[in-house]
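What you see is a predicted model, and the numbers here were worked out from it, not measured in a lab.
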Amino acid sequence: MPELPEVETVMRGLRACLEGRVIARAVANRPDLRWALPEGLARRLTGARVASFRRRGKYILMRLAGGSSVLLHLGMSGRIVVGRLRPNQPTLHEHLVLETEDGARVGLIDPRRFGSIDLVETAAEDAHRLLAGLGPEPLSDAFTPAVLSRALAGKRTPIKAALLDQGVVAGLGNIYVCEALFRAGLSPRRSSHTVPGRRATRLVPAIKATLTEAIAAGGSSLRDYVQPDGELGYFQHAWKVYDHEGEPCERCPGAPCRGIVRIVQSGRSTFYCPRTQR
DNA sequence: CAAGAATCCTGTCAGC
DNA sequence: TGCTGACAGGATTCTT
């Protein structure tokens with residue numbers, strides 16, 4: 001589920017409850033998620049002080065005082081829950097639990113186990129094999145129309161597929177690609193090589209605005225990013241095209257608009273308005 | 001070499 | 001109600 005805005009919101013929630021704290025207890029409930037967990041993960045976390053957090057694409061990095069960092073990806077179904085579990089609250093699929101000295105409890109739940117956890121030297125974070133190939137951060141100044149244009153030049157794949165490629169830009173997923181293309185008025189079917197130039201100049205601000213608004217929705221609707229049930233990072237979305245097949249598009253009220261359609265591109269659902277997205 | 005398909009898992013939901 | 005199949009927001013690995 002989580003794309004950049006959700007990962008950002010989860011990271012802020014983790015920061016609120018873990019930064020500066022000492023992990024008194026760590027329990028790994030299975031030896032692997034997508035891949036084997038690092039050797040001795042729970043042991044290495046126990047007693048460590050959490051120094052800081054950062055996000056890179058859809059990855060969360062939790063830096064420990066000793067010079068190593070935990071690299072976390074939530075995959076498709078990863079969630080973080082904080083606080084004491086209610087007596088009947090199921091702990092099924094809770095693969096990792098952290099408890100701090102001051103009583104906070106953080107659990108990682110991931111039924112599908114597409115998520116991953118690794119340890120990496122803090123000084124070499126960006127050289128990790130999972131981070132080395134990532135494209136620019138979409139919300140940074142490094143992500144410009146010129147940079148995107150260069151990444152798309154010569155590509156024959158549909159722009160939808162190119163934006164899902166984490167090497168082109170890091171952090172977009174199926175939902176926010178659909179939303180950003182709608183905002184930019186670009187068809188998801190358009191060949192990538194036709195985007196550089198004027199269209200990239202529209203697309204980059206559309207991506208930034210889409211992500212920024214989603215993050216703001218996450219931060220503003222929660223107190224310290226924690227919901228009553230203890231889950232971090234999920235919030236009411238206001239998607240304009242994603243999962244709105246057959247509904248009228250807000251860009252063409254009263255117009256001869258067939259509404260939002262769903263197509264399949266490289267096996268994934270795409271939603272768009274064929275009249276306003278060209 | 002680039003692009004699309006298959007794949008890893010489990011949960012949910014529509015349809016019969 | 002219960003079963004079955006399709007599908008799900010990711011990203012690597014395999015195949016064409």
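For A/Tyr176, no side-chain nitrogen or oxygen approaches OP1 or OP2 of C/dG9 to under 4.0 Å. Phosphate contact (OP1/OP2 of C/dA8, side-chain N/O of A/Arg262, threshold under 4.0 Å): present.
C/dA6 and B/dA6 are spaced 14 Å apart, taking the P atom of each and rounding to whole Å. For the P atoms, the distance from B/dC9 to C/dC3 is 24 Å, rounded to whole Å. A gap of 16 Å separates the P atoms of B/dA14 and C/dG9, to the nearest Å.
Distance A/Asp243 CG to C/dG9 C1': 10 Å, rounded to the nearest Å. Look at CG on A/Leu74: it is 16 Å from C1' on C/dA8, rounded to the nearest Å. The distance from atom CD1 of A/Ile175 to atom C1' of C/dG9 is 4 Å, rounded to the nearest whole Å. One atom, CG of A/Leu181, and another, C1' of C/dG9, lie 16 Å apart when rounded to the nearest Å. Rounding to whole angstrom units, CG of residue A/Asp110 and P of C/dA8 are separated by 18 Å.
In this structure, the separation between CG on A/Leu18 and CZ on A/Arg49 is 12.5 Å, given to the nearest 0.5 Å. Between A/Glu247 atom CD and A/Cys249 atom SG the span is 11.0 Å, to the nearest 0.5 Å. Rounding to the nearest 0.5 angstrom, the gap separating the OG1 atom in A/Thr100 from the CZ atom in A/Arg105 is 11.5 Å. To the nearest 0.5 angstrom, A/Asn29 atom CG is 8.0 Å from A/Leu96 atom CG. For the atom pair A/His93 NE2 and A/Arg112 CZ, the distance stands at 11.5 Å (nearest 0.5 Å).
Using modelled atom types and a 3.5 Å distance limit, the side chains of A/Ser69 and A/Glu125 yield a donor-acceptor pair.
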Strictly under 3.5 Å: I want the nitrogen or oxygen pairs between protein and nucleotides 11-16 of chain C, one per line.
unit_1 : atom_1 : unit_2  : atom_2 : d
C/dA11 : OP1    : A/His73 : NE2    : 2.5
C/dA11 : OP2    : A/Lys58 : NZ     : 2.7
C/dT12 : O4'    : A/Arg34 : NH2    : 3.1

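When all heavy atoms of A/Gly115 and A/Leu33 are compared, the closest pair comes out as O-CB, 3.3 Å.
Among A/Tyr272, A/Phe271, A/Tyr176, the one residue that satisfies the ring pair (Phe, Tyr, Trp, His ring centres under 6.0 Å) test with A/Tyr242 is A/Phe271. With A/Val120 as reference, A/His128 is the one residue of A/Arg63, A/Arg129, A/His128 to meet the side-chain contact (heavy atoms from CB on, under 4.5 Å) rule.
Counting heavy atoms of neighbouring residues, nucleotides and ligands inside a 6.0 Å radius, atom CZ of A/Arg44 does not exceed 12 of them.
Stretches of at least 3 consecutive Watson-Crick or G-U wobble pairs, with each checked distance under 3.5 Å, appear in DNA chain B as B:2-8 with C:10-16, B:10-16 with C:2-8.
With a cutoff of under 4.0 Å to any heavy atom of chain A, the contacted region of DNA chain B is bounded 5' to 3' by B/dA3 to B/dG11.
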Requested in this report: Start with the C-alpha gap between A/Thr270 and A/Gln265, add the side-chain angles, then the distance that decides, and say whether side chain to side chain donor-acceptor pair (under 3.5 Å) holds.
Outcome: CA-CA 7 Å; A/Thr270 299; A/Gln265 293 178 292; 2.7 Å; yes

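Note on A/Ser116: nothing from the nucleic acid sits closer than 4.0 angstrom, heavy atoms only.
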